[in-house]
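Keep in mind that the numbers below use all heavy atoms, side chains included, and drop hydrogens, waters and symmetry copies.
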Amino acid sequence: MKLIYNVKDKPKFGQLLIFAFQQVLAIMAATIAVPAIVGNGMTASAALFGAGVGTLVYQLFTKFRSPVFLGSSFAFIGSMLAAFAGAVSNAALGYLGLIIGAGFAGLVYVVLAIVVKIAGVNWINKLMPPVVIGPTVALIGLSLSGAAVNDVFSYGPHDGNGFVMTTNIWVSFIYAMVTFLVVVFVSTYGKKMAKLVPFIIGILAGYAAGLIFTFIGIATDNTALQIIDFAPFKALVAEGVTLSTFIALPEFTFLEAIKGVGDFNLSYLATVAVAYTPVAFVVFAEHIADHKNLSTIIDSDLLEDPGLHRTLLGDGVGSVVGAIFGGCPNTTYGESVGCVAITRNASVVTITAAAIMTVIISFISPFVAFLDSIPGCVMGGVCITLYGFIAVSGLKMIQKVDLEDNANLFTTSAILISGIGGMAMSIGKVTITAIACALILGIIVNVLLSKKKPDAE
């Protein structure tokens with residue numbers, strides 16, 4: 001893929017701000033969805049701050065050579081819920097558990113990074129060749145397809161389980177398609193600057209259409225047309241216009257966690273450790289898949305330069321930092337990778353600027369309210385393109401794989417079918433995601449059949 005901006009390129013300042021904002025919009029919906037799902041007082045602004053700082057930490061560890069944004073990890077949702085459940089209605093202790101749990105997960109990354117540093121990455125390349133990693137990357141995109149379609153038939157804000165679903169599916173579908181088609185046409189036929197910011201233009205087009213029909217709906221008392229919920233803006237002035245109406249300190253996790261130190265005990269420590277540690281090994285597999293995909297896009301092997309040990313350390317420490325501030329462990333985002341691929345802008349400066357912008361935005365109340373007010377259907381239209389591109393990227397990885405060879409055919413088949421079928425498994429309180437199960441099954445099949453492959457003879 002020919003990039004317009006390569007990893008080390010620096011766009012002009014004005015363009016940089018626009019590119020960075022596009023990255024923020026790409027990762028925003030998923031990042032704020034995690035605290036909404038977990039609940040227990042967790043906030044979107046703190047999660048945004050944690051994601052921004054976590055990304056900056058990741059960039060430092062990777063020497064600013066890996067153009068990807070870190071956001072709230074969905075894989076740890078069960079672990080986070082377990083931390084609150086184990087605290088038995090003691091919210092402060094639950095918040096402390098979020099930080100300690102992220103620390104355990106980060107420790108796993110550190111150990112893995114040390115192993116990789118000593119043993120190198122060749123064993124990973126042999127264990128996960130294109131016939132394994134390709135369908136796994138495709139699976140990451142395909143597994144998100146349900147989330148994208150659900151958003152298409154929804155509006156906002158979050159109800160704790162994602163965007164609120166609407167019975168007026170045709171209305172939300174129209175807004176989603178407006179956004180989707182604008183993104184597609186701008187990406188395909190746009191000129192110069194427009195071609196580089198299709199998501200901003202698409203989201204603004206969808207939001208503008210939503211505003212027009214929402215005002216018409218209000219004027220005619222037709223709730224079916226009122227797709228945009230102004231509740232986030234109303235909350236800013238619920239108690240009158242004050243300083244917090246414009247600027248507010250995010251409700252950082254560590255501020256609440258300090259109150260729970262006195263209730264901490266070894267039994268709770270064990271609960272949190274069991275909830276977080278195994279999941280970190282699962283996310284390790286997804287970490288490799290994301291970086292393999294990104295390596296293909298930028299035509300540079302990130303597992304070699306800056307090195308898998310550095311990306312692991314950046315991801316691990318970035319997760320801990322993200323949890324300290326926002327409660328949510330971070331992970332590299334497929335949405336960010338998709339944004340890089342579609343816009344062909346792999347500039348790390350853009351990612352860094354997006355991280356700084358996210359940190360600043362988390363303090364600006366009206367902006368957080370605006371992000372919260374973007375309808376789910378508008379984000380759904382964007383996500384169709386982002387998640388679809390991830391899936392296609394994985395399929396491109398297996399273009400050169402000989403699928404006439406049954407060993408390759410069955411390896412690919414095992415991954416796709418088990419993953420799409422949702423072969424998730426639970427061991428105690430730990431859930432191994434469908435993607436992780438599919439990857440493990442694919443590795444096993446590939447190893448068992450590798451002696452039958454021509455290159456192994």
Kindly write out the residues that satisfy ring pair (Phe, Tyr, Trp, His ring centres under 6.0 Å) with His287, not counting sequence neighbours, or none if the list is empty.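 If we apply the ring pair (Phe, Tyr, Trp, His ring centres under 6.0 Å) test to His287, skipping adjacent residues, the hits are His291.
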
Excluding sequence neighbours, so at least two apart, what forms ring pair (Phe, Tyr, Trp, His ring centres under 6.0 Å) with Phe76?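 Here the qualifying residues are Tyr276.
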
Is the backbone of [Y] close enough, under 3.5 Å, to the side chain of [X] for a donor and an acceptor to pair up by distance?
X	Y	result
Thr179	Gly381	no
Thr412	Leu409	no
Asn408	Asp402	yes
Asn122	Gly120	no
Ser295	Asp301	no
Ser66	Thr62	no
Ser187	Val184	no
Asn330	Gly318	yes

Given side chain to side chain contact (heavy atoms under 4.5 Å, CB included), test Val337 with Phe389 step by step and report yes or no. CA-CA 9 Å; Val337 175; Phe389 202 94; over 6 Å; no

Pair up each side-chain donor or acceptor in residues 351-361 with any protein partner under 3.5 Å, not counting sequence neighbours, and list the distances.
| unit_1 | atom_1 | unit_2 | atom_2 | d |
| --- | --- | --- | --- | --- |
| Thr352 | OG1 | Val348 | O | 3.0 |
| Thr358 | OG1 | Ala354 | O | 2.7 |

Side chain to side chain contact (heavy atoms under 4.5 Å, CB included) assessment of Phe410 paired with Leu449: CA-CA 9 Å; Phe410 285 122; Leu449 300 180; 4.3 Å; yes

Minimum heavy-atom separation for [X] to [Y], with atom names?
X	Y	result
Leu3	Ile298	CD1-CA, 4.0 Å
Pro198	Thr343	CD-CG2, 3.8 Å
Leu98	Ala83	CD2-CB, 4.1 Å
Ile374	Met28	CD1-CE, 3.9 Å
Leu386	Gly338	CD2-C, 3.8 Å
Gly442	Val132	O-CG2, 4.1 Å

Inter-residue atom distance [X].[atom1] - [Y].[atom2], 0.5 Å rounding:
X	Y	atom1	atom2	answer
Ile133	Leu127	CD1	CG	9.5 Å
Lys2	Arg344	NZ	CZ	8.0 Å
Lys292	Leu303	NZ	CG	5.5 Å
Thr253	Ile258	OG1	CD1	11.0 Å
Leu249	Phe363	CG	CZ	5.5 Å
Ile27	Thr332	CD1	OG1	13.0 Å

Keeping to residues at least two apart or across chains, list the salt bridge (Lys or Arg N to Asp or Glu O under 4.0 Å) pairs with something in residues 258-281.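 Residue pairs with at least one partner in residues 258-281: Glu256-Lys259.
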
Keeping to residues at least two apart or across chains, list the salt bridge (Lys or Arg N to Asp or Glu O under 4.0 Å) pairs with something in residues 65-75.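 Output for this query lists Arg65-Asp305.
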
Report yes if the side chains of [X] and [Y] come closer than 4.5 Å at any heavy-atom pair, otherwise no.
X	Y	value
Pro329	Met80	yes
Phe64	Val7	no
Met42	Cys328	yes
Leu294	Asp290	no
Met379	Ile203	yes
Thr385	Phe199	yes
Ile297	Val340	yes
Ile100	Leu269	yes

Only pairs at least two apart or in different chains count here, so list each side chain to side chain donor-acceptor pair (under 3.5 Å) that has a residue in residues 7-22.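 Only Tyr5-Gln15 qualify under side chain to side chain donor-acceptor pair (under 3.5 Å).
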
Set out, in order, the CA-CA distance, both residues' side-chain angles and the distance that settles ring-ring contact (aromatic ring centres under 6.0 Å, His included) for Phe21 and Phe367, then state yes or no. CA-CA 12 Å; Phe21 184 53; Phe367 214 99; 5.7 Å; yes

Under the side-chain contact (heavy atoms from CB on, under 4.5 Å) test, which residues partner [X], sequence neighbours left out?
X	answer
Ile417	none
Thr350	Pro11, Leu16, Phe19, Gln23, Asn345, Ser347
Thr331	Ser73, Val283, Asp315, Tyr333
Ser145	none

Provide the full list of ring-ring contact (aromatic ring centres under 6.0 Å, His included) pairs with a residue in residues 89-125, sequence neighbours left out, each pair given once.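 Qualifying pairs: Phe84-Tyr95.
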
Using a cut-off of 6.0 Å, state whether more than 12 heavy atoms not belonging to Lys195 lie near its atom NZ.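 Above 12, so yes.
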
Can you name the residues that form a side-chain hydrogen bond (donor to acceptor under 3.5 Å, both in side chains) with Tyr207, not counting sequence neighbours?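 With neighbours one apart ignored, the set is Ser373.
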
Describe, in one word, how the ring planes of Phe254 and Phe252 are oriented to each other, choosing from parallel (under 30°), tilted (30 to 60°) and perpendicular (over 60°).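 Phe254 vs Phe252 ring planes: parallel.
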
